[in-house]
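The next block holds one structure in the form of structure tokens; read it before the comments.
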Amino acid sequence: MSARDYFRYFLVTDSPVSEEMIFVPYWRLRGMHFTLTPFEVTSKVLDTSFLAGTYPYIPLSLGLRTQALKLRFATSKVNEHFLSADVPFADVIPRIDQLSQYTEVGIFHRAFIGETISKIYAPVYMDNSTVYDGILHRPISKTSPSEVRAFRNINTDRKWNITFNPALCPRCGWDLTGARNSVVLLCRNCDSAWEDMNGEFKKLRFGVIPCRDKDSAYIPFWRLRITIEGLHLRTYADLIQFANLPKAVTQKWIDKELSFWTPAVTVRPKIFMRLSKQLTITQPSEDLN
């Protein structure tokens, strides 16, 4: 399954949904949060949500609800009242920084890696001038007549359809294999790898570092070719000199283009950093099968 931009869900309430039930939009971000301070990189796993509309009488976050309650896909065919979202995702990142537990002085950089962006809709309803939580049926806040009119701003232009792409190899027609959350699927018949791009499969180049042990397990990594501004890091020899690695520079490493390696599987942030560091410093051989 794939979406044009990101997936949308709504929280399921156990009580019957009345005609007055309205769903409020939230941005949800899941991934790894890294903070660079002098002589240290701190990290944590992040799963947070922020209100995606200017509704001052609605809670700013869903808390643990996105992890504890049932979620269903919100598509154009779902006949519910969804409020419009007027807060772009780019405005959410500064809020995450403000609420982050990392408040040290002298932070050089923050980064979110492996992030998954989605939009969650939470149910609320009105009773006179009071907004009620559609899950717990408890009052949230009092509203003014002008704020009540905001609930009429229903999103009617909803192009939220989900694309279903059959997991068949475009090359040979064999079944593609992968986990539920895989972004790359493999064909065991013709040894090819495919990534879903806007509802269509795109073939990816991949290789395998051979191992003599037949019982070895193979872990996928992304090999990245990047450009760094302000630093001269183009070859493996540049990395050896810059990082002061205990290696003698050879002509082979002067000619070897530098690549950065990162795990392509979900791991804890500290393990992610350690594996990325070790593989990037090692620079596995180009002789891949």
Evaluate the side-chain proximity of Y132 to M21: yes if any heavy-atom separation is below 4.5 Å, no if none is. no
With side chains defined as the heavy atoms from C-beta onward, is the minimum distance between M32 and F34 less than 4.5 Å? yes
Side-chain heavy atoms nearer than 4.5 Å, only ILVMFWY residues, links allowed to pass through others: does that put [X] and [Y] together?
| X | Y | answer |
| --- | --- | --- |
| L69 | V12 | no |
| V131 | L62 | yes |
| L168 | W174 | no |

E257 and R234: CA distance, side-chain angles, deciding distance, salt bridge (Lys or Arg N to Asp or Glu O under 4.0 Å) verdict: CA-CA 6 Å; E257 185 178 0; R234 298 180 181 178; over 6 Å; no
Between [X] and [Y], is the gap from one ring center to the other below 6.0 Å?
| X | Y | result |
| --- | --- | --- |
| W27 | F89 | yes |
| Y121 | W160 | yes |
| F112 | H33 | yes |

Between Q67 and R28, is the side chain to side chain contact (heavy atoms under 4.5 Å, CB included) condition met? List the steps. CA-CA 11 Å; Q67 305 172 41; R28 184 187 186 186; 3.9 Å; yes
Determine the sole option in F10, Y9, Y125 for which the ring-ring contact (aromatic ring centres under 6.0 Å, His included) test with F23 is passed. F10
Check whether any side-chain N or O of T282 sits under 3.5 Å from a backbone N or O of P284 as a donor-acceptor pair, and report yes or no. no
With distance as the sole test, does S216 use its side chain to make a donor-acceptor pair with the main-chain N or O of D213 at under 3.5 Å? yes
Within 45° of the six-membered ring axis of W194 and under 6.0 Å from that ring's centre, is NZ or CZ of K202 located there? no
Under the criterion side chain to side chain contact (heavy atoms under 4.5 Å, CB included), I'd like the reasoning laid out for Q241 against V249: C-alpha separation, chi angles, the key distance, then a yes or no. CA-CA 8 Å; Q241 295 175 349; V249 176; 4.0 Å; yes
Please check if atom CZ in F242 has more than 12 non-hydrogen atoms from other residues, nucleotides or ligands closer than 6.0 Å. no
Exceeds 12 heavy-atom contacts within 6.0 angstrom, atom CD of E200: no
Working for salt bridge (Lys or Arg N to Asp or Glu O under 4.0 Å), residues D133 and R65: CA-CA 12 Å; D133 187 327; R65 289 188 172 187; 2.4 Å; yes
For V184 and F206: C-alpha separation, side-chain torsions, deciding distance, then whether side chain to side chain contact (heavy atoms under 4.5 Å, CB included) applies. CA-CA 11 Å; V184 175; F206 79 100; over 6 Å; no
